[in-house]
Amino acid sequence: MAKINVTIVHDELGRIVSVSRPVKTTAFVLAGDGQSVFTTQVDEEAASSLLHTHRVDASQQALVKN
């Protein structure tokens with residue numbers, strides 16, 4: 001499986017708000033109040049389901065299954 005870079009916006013509890021896949025351009029991902037941005041690599045096939053299947057563990061800087 002191919003790995004891709006994704007940028008994830010999540011809330012203070014690690015719940016994923018949005019997942020984006022950067023393209024070859026300069027972009028800024030903005031988070032709202034109480035939200036943070038996390039960048040990681042995931043399997044391409046799994047990227048679209050992260051919103052429903054995972055959360056961000058900020059202390060470990062990792063994705064974990066719900």
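Using modelled atom types, one finds a donor on one side chain and an acceptor on the other under 3.5 Å when comparing Q41 with N5.
Within the 4.5 Å cutoff, the side chain of H54 has heavy atoms near those of the I16 side chain. You'll find the side chain of V6 stays beyond 4.5 Å of the side chain of T39, heavy atoms only. Looking at R55 and L63, their side chains never come closer than 4.5 Å, going by heavy atoms from C-beta outward.
In the displayed structure, E12 atom CD is contacted under 6.0 Å by at most 12 heavy atoms of other residues, nucleotides or ligands.
With rounding to the nearest 0.5 Å, the separation of NE2 in H10 from CZ in R15 is 12.0 Å. In this structure, NZ on K65 lies 15.5 Å from CG on D57, to the nearest 0.5 angstrom.
Closest approach of A47 and V42 over heavy atoms only: CB-CG2, 4.0 Å. The shortest non-hydrogen separation linking D11 to V17 is N-CG2, 4.1 Å.
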Take I8 and V56, measure what side-chain contact (heavy atoms from CB on, under 4.5 Å) needs, and give me the verdict at the end. CA-CA 9 Å; I8 299 169; V56 175; 4.0 Å; yes
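Under the 3.5 Å distance criterion, the side-chain polar atoms of D43 are left unmatched by any main-chain donor or acceptor of E45. Q61 contributes a side-chain N or O that, together with a main-chain N or O of A58, makes up a donor-acceptor pair within less than 3.5 Å.
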